[in-house]
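These notes are about the structure you will find just below.
On a predicted model such as this, the values are computed, not experimentally measured, just so you know.
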Protein chains: 2
Amino acid sequence: MNSEAKPKKPHHHGDLRRALITSSMTLLAKGGSAALTLRRAAAAAGVSHAAPTHHFGNLDGLRSAVATEGFLLFCDAMERHVQAAEPAPRARLRGLCMGYLEFALSHPSLLDLMFREERSFDKDAALLAASTEAYQALARTAAPFVSAAHPARVTEAQIWSFIHGYAVLRTSRRFGQQAEDPSGDAAAILSLLDRLELAPSSQKPDAPL
Amino acid sequence: MNSEAKPKKPHHHGDLRRALITSSMTLLAKGGSAALTLRRAAAAAGVSHAAPTHHFGNLDGLRSAVATEGFLLFCDAMERHVQAAEPAPRARLRGLCMGYLEFALSHPSLLDLMFREERSFDKDAALLAASTEAYQALARTAAPFVSAAHPARVTEAQIWSFIHGYAVLRTSRRFGQQAEDPSGDAAAILSLLDRLELAPSSQKPDAPL
DNA sequence: CACGTAACTTGACAATGTCAAGTTCAGATG
DNA sequence: CATCTGAACTTGACATTGTCAAGTTACGTG
């Protein structure tokens, strides 16, 4: 067949579910959301056109599975950047945003799939879990900016809205020129978050964002 | 030729282009982006399945025309709210954001169509014009917050990113509970924009956002 | 009034999602 | 070890859709 590294082959293919998700992400990356079809994913995995039904039910099930995989990568990108940043809250927040942006620029169609209006988290527990984990990464990094005057939900929504909007508009090329380098304009734009106040409890020496 | 805005009936239907855009917007509102198909729009307008081709070329042409119409409504919603607001810069900015949000909540699928990644403004002059006008509305309202330290492009991108992200995430129901009333949480979230500084030249008495 | 052509119709085809029915095979059961 | 059961896939079919080619209708103009 093709790419099996598992010790045991469950049935026919090996790990078709995994293979379909992988081929789907390739299709998505190469041809945008319109290129992700059940039949093409099946063909790329070397199985018949109806094989994906058994694993995902229908097209939206496949899309949800791909979105779940996307949230894992997304979460990883954010956490990597946060870890690599200086320990100061603002530096960590900037890192989170840069991770967000890096993911968006690297996987624009995947980001779109993950945040489409019709994507329903109620139907897919794994999707809900993965997206919740991503939200937690943001919430953790936002925590030092939470205070009585600025509740967690509000602060989180502010940060999320801002970086999400910027990421989406950039991937849609809605801003004029934009070098492929996220550190260019991004730093200036993201300076809006400099204006978030640190909570009194976490008042330590902290460089501006 | 193509576009007819004449008072007389040009040929067969009357104003098929207009009728197709109208039926498309109804389909979009009722069934989401998947419900907008060439054949259904044609059927709703009472013409044969291939009639839209003559006016829009292909499906993406129809989508662009609908998006153009969307930008006009969008622009109108923002400008109405800005006009209705107090004249102070922060009140006008809050109005703009509320108009943005109102449009997003009223026409979620249309907003999605307008800002999809694959939407290309280079191919459709009317679309480019309508979207530019919407951007100008934002830029005008953002102008009092522009200074040497905060250039126009940066300030505009900050405001746009923030309100766009909030609007998109709300229409995708990404925040927990949300009453259908935009004035509920919105005011607290949008208070981030309170932190924008007024330019020295427009320093007048101004209530907080 | 004739005629050119824009506006629309009819018919066809390939791609796709989905369903129903059949086939193959891993592992449990006796 | 033989059998059986059901999961994993295949095959075939059908409706929907976008798109193209060719034909038809009727507006407006010369």
Side-chain angles (χ1 to χ4, degrees), chain A residues 1-4 6-24 27-28 30-67 113 116 118-120 123, chain B residues 1-24 27-28 30-67 109 113 116 118-120 123:
Chain A
M1 295 303 185
N2 43 11
S3 62
E4 267 61 42
K6 292 287 176 70
K8 56 178 179 181
K9 293 194 172 188
H11 278 282
H12 294 168
H13 178 277
D15 193 353
L16 181 55
R17 184 186 164 86
R18 189 86 242 145
L20 287 170
I21 292 177
T22 301
S23 60
S24 294
L27 288 169
L28 203 55
K30 284 192 182 175
S33 50
L36 173 52
T37 71
L38 282 172
R39 293 174 106 104
R40 274 190 255 198
V47 292
S48 75
H49 66 264
T53 301
H54 211 293
H55 293 277
F56 305 104
N58 56 15
L59 177 59
D60 206 61
L62 175 60
R63 287 213 187 100
S64 284
V66 173
L113 185 70
R116 298 243 29 169
E118 63 265 22
R119 181 105 295 110
S120 128
K123 308 291 180 186
Chain B
M1 306 302 178
N2 45 10
S3 61
E4 267 64 38
K6 314 250 178 96
K8 55 186 176 179
K9 296 192 173 189
H11 280 282
H12 295 166
H13 178 277
D15 193 354
L16 181 55
R17 183 186 164 88
R18 188 87 242 144
L20 286 169
I21 292 177
T22 302
S23 60
S24 294
L27 288 169
L28 203 56
K30 285 191 181 176
S33 51
L36 173 52
T37 70
L38 282 172
R39 293 173 106 105
R40 274 190 254 198
V47 292
S48 77
H49 66 263
T53 300
H54 211 288
H55 292 277
F56 304 105
N58 56 15
L59 176 59
D60 206 61
L62 174 60
R63 286 213 187 101
S64 284
V66 173
S109 299
L113 185 70
R116 298 243 29 169
E118 64 265 22
R119 181 107 295 107
S120 126
K123 309 291 181 184

Next on the checklist: Test your reading of the model: is there a side-chain donor-acceptor pair from A:Thr53 to the backbone of A:Asn58, 3.5 Å cut-off?
Outcome noted: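 Checked: no pair found.
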Item to check | Nucleotide nearest A:Val47 when distance is taken to its side chain, options C:dT16, D:dT19, D:dT10 | outcome: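 Selected nucleotide: D:dT10.
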Interatomic distance, [X] atom [atom1] to [Y] atom [atom2] [nearest 0.5 angstrom]:
X: B:Leu62; Y: B:Arg17; atom1: CG; atom2: CZ; value: 9.0 Å
X: A:Ser24; Y: A:Arg40; atom1: OG; atom2: CZ; value: 11.5 Å
X: A:Leu27; Y: A:Leu36; atom1: CG; atom2: CG; value: 6.5 Å

Which whole-number value in Å describes the distance from [X] [atom1] to [N] [atom2]?
X: A:Asp15; N: D:dA8; atom1: CG; atom2: C1'; value: 13 Å
X: A:Arg18; N: D:dA8; atom1: CZ; atom2: C1'; value: 18 Å
X: B:Leu27; N: D:dG18; atom1: CG; atom2: C1'; value: 16 Å
X: B:Leu38; N: C:dT9; atom1: CG; atom2: P; value: 14 Å
X: A:Leu59; N: C:dC19; atom1: CG; atom2: P; value: 12 Å
X: B:Leu16; N: D:dT25; atom1: CG; atom2: C1'; value: 15 Å
X: A:Asp60; N: C:dG17; atom1: CG; atom2: C1'; value: 12 Å

Item to check | Distance below 4.0 Å between A:His54 side-chain N/O and D:dC9 OP1 or OP2 | outcome: no
Table of protein N/O atoms under 3.5 Å from nucleotides 10-12 of chain C N/O atoms:
| unit_1 | atom_1 | unit_2 | atom_2 | d |
| --- | --- | --- | --- | --- |
| C:dG11 | O6 | B:His49 | NE2 | 2.8 |

Item to check | Counterpart residues, salt bridge (charged side-chain N to carboxylate O under 4.0 Å, His left out), relative to B:Arg18 (two or more places apart) | outcome: B:Glu69
Item to check | Under the salt bridge (charged side-chain N to carboxylate O under 4.0 Å, His left out) test, residues paired with B:Arg119 that sit two or more places apart | outcome: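 Listed in chain order: B:Asp60.
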